Amino acid sequence: FNNNTHFPQGSGAVSSIALTKDSGYVLTVYDLDQQLNTYVVLLIKLNSAGDLEWNSIITTPSQNIFNNHVKAIEDESGNFYVTCGGYGSMGVAKISPTGSFIWGKQATVTGNKNPLFDIALTHDGGVIVTAKGESHKEVLVFNYNGSVRWAKIYDNGAYNRLYVIKQLA
């Protein structure tokens, strides 16, 4: 993951949208950046009236990101975590409340197809993400600073997906 400063000129579509703590919105767009000749995730922050507050462009770790598996969530401090997953890799980036790039990490996942399905905050300030392999599920937990705390593979031989993940109190 890297941060870029220009707006891509591709034809990407909104992948996800979420309400923010200030009653605004955060959108993710997966797009081909023709200037960089690579795919990027565009994080867009809108206020409650729909006006642009800022955007952050993040170079993805893989050219094969599944467009519908790019998501963003906001933590208690107003930071945003952006995730995307594709063939053989998934990435997580942390963006400040003003749109500045804090860190980005890539994790190699097993199997051929690894679409990311969900992301959630952990109680200690990290994030947990789920992905689906060929016949298994993968769960990765990242610390607040981006290091992988742990990664697990759950293999039951079935073509099941972990669509939603939530940490309980």
Side-chain angles (χ1 to χ4, degrees), residues 1-8 10 12-31 33 36 38-62 65-86 89-109 114-131 138-152 162-169:
F1 276 104
N2 294 305
N3 191 33
N4 295 295
T5 57
H6 69 280
F7 202 82
V14 173
S15 300
S16 70
I17 186 168
L19 185 65
T20 58
K21 295 183 185 336
D22 62 0
S23 298
Y25 306 92
V26 62
L27 293 77
T28 59
V29 176
Y30 177 67
D31 202 356
D33 186 321
L36 294 175
T38 189
Y39 286 90
V40 296
V41 172
L42 175 62
L43 184 66
I44 301 170
K45 174 66 174 79
L46 305 176
N47 65 20
S48 60
D51 299 320
L52 178 68
E53 289 188 5
W54 52 260
N55 67 69
S56 185
I57 295 130
I58 307 158
T59 305
T60 63
S62 172
I65 301 299
F66 291 92
N67 182 42
N68 59 331
H69 297 295
V70 178
K71 295 185 177 186
I73 60 170
E74 183 181 17
D75 69 14
E76 291 297 319
S77 300
N79 296 302
F80 294 93
Y81 293 89
V82 183
T83 61
C84 58
S89 67
M90 88 167 52
V92 177
K94 185 175 182 179
I95 306 298
S96 78
T98 59
S100 298
F101 184 80
I102 298 173
W103 55 256
K105 301 293 180 175
Q106 179 179 354
T108 301
V109 289
N114 301 92
L116 174 78
F117 281 108
D118 203 13
I119 179 171
L121 299 171
T122 60
H123 291 302
D124 59 0
V127 291
I128 184 167
V129 295
T130 64
E138 299 186 36
V139 179
L140 288 92
V141 175
F142 293 85
N143 290 329
Y144 70 93
N145 63 1
S147 60
V148 176
R149 185 178 320 141
W150 57 263
K152 302 282 183 179
L162 289 168
Y163 282 109
V164 177
I165 191 159
K166 182 171 254 187
Q167 186 171 11
L168 304 175

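The structure presented is a predicted model; accordingly, all values stated were derived computationally and were not measured.
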(message) Strictly distance-based, threshold 3.5 Å: is any side-chain N or O of Asn143 a donor or acceptor partner for the main-chain N or O of Gly146?
(response)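 No, the answer is negative, given that no donor and acceptor are paired below the 3.5 Å cut-off.
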(request) Using atom types as modelled and distance alone, determine if a side-chain donor or acceptor of Ser56 lies under 3.5 Å from a backbone N or O of Leu43. (result)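 No, Ser56 side chain to Leu43 backbone: no donor-acceptor pair under 3.5 Å.
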Side chain proximity check, [X] to [Y], heavy atoms < 4.5 angstrom:
X      : Y      : answer
Phe142 : Ile128 : no
Leu27  : Ser16  : no
Val141 : Val148 : no
Leu121 : Tyr81  : yes
Val26  : Thr28  : no
Asn79  : Ile95  : no
Val82  : Ile58  : yes
Leu42  : Asn55  : yes

With rounding to the nearest 0.5 angstrom, report the [atom1] to [atom2] distance, [X] to [Y].
X      : Y      : atom1 : atom2 : result
Asp124 : Arg149 : CG    : CZ    : 4.0 Å
Ile57  : Ile44  : CD1   : CD1   : 8.5 Å
Thr83  : Lys71  : OG1   : NZ    : 7.5 Å

(message) Using ring centroids (six-membered ring only for Trp), state whether Trp54 and Phe101 fall under 6.0 Å.
(response)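 Between Trp54 and Phe101, which both carry aromatic rings, the centre distance is not below 6.0 Å.
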What pair of heavy atoms forms the shortest contact from [X] to [Y], and how long is it?
X     : Y      : answer
Val92 : Trp103 : O-CZ3, 3.5 Å
Ser77 : Pro97  : O-CG, 3.5 Å
Lys21 : Glu74  : N-OE1, 2.8 Å

(message) I'd like to know if Lys45 pairs up with Asp22 as an ion pair, taking the criterion as any Lys NZ or Arg NE/NH1/NH2 lying under 4.0 Å from an Asp or Glu carboxylate oxygen.
(response)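 Yes, charged N to carboxylate O under 4.0 Å.
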(request) Only counting residues at least two apart or in another chain, list the ones meeting side-chain contact (heavy atoms from CB on, under 4.5 Å) with Thr98. (result)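 For Thr98, the residues satisfying side-chain contact (heavy atoms from CB on, under 4.5 Å) (neighbours in sequence not counted) are Ser96, Ser100.
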(request) Quick one: list whatever passes side-chain contact (heavy atoms from CB on, under 4.5 Å) with Ser23, sequence neighbours left out. (result)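 Here the qualifying residues are Ser48.
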(request) List for me each residue that meets side chain to side chain donor-acceptor pair (under 3.5 Å) alongside Asn145, sequence neighbours excluded, and say none if there are none. (result)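 Asn145 satisfies side chain to side chain donor-acceptor pair (under 3.5 Å) with Ser147 once adjacent residues are dropped.
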(request) Just jot down the ring-ring contact (aromatic ring centres under 6.0 Å, His included) partners of Tyr144, sequence neighbours excluded, or say none. (result)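 Partners of Tyr144 under the ring-ring contact (aromatic ring centres under 6.0 Å, His included) test: none.
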(request) Let me see the working for Phe80 and Asp75 under side-chain contact (heavy atoms from CB on, under 4.5 Å), right down to the final yes or no. (result) CA-CA 6 Å; Phe80 294 93; Asp75 69 14; over 6 Å; no
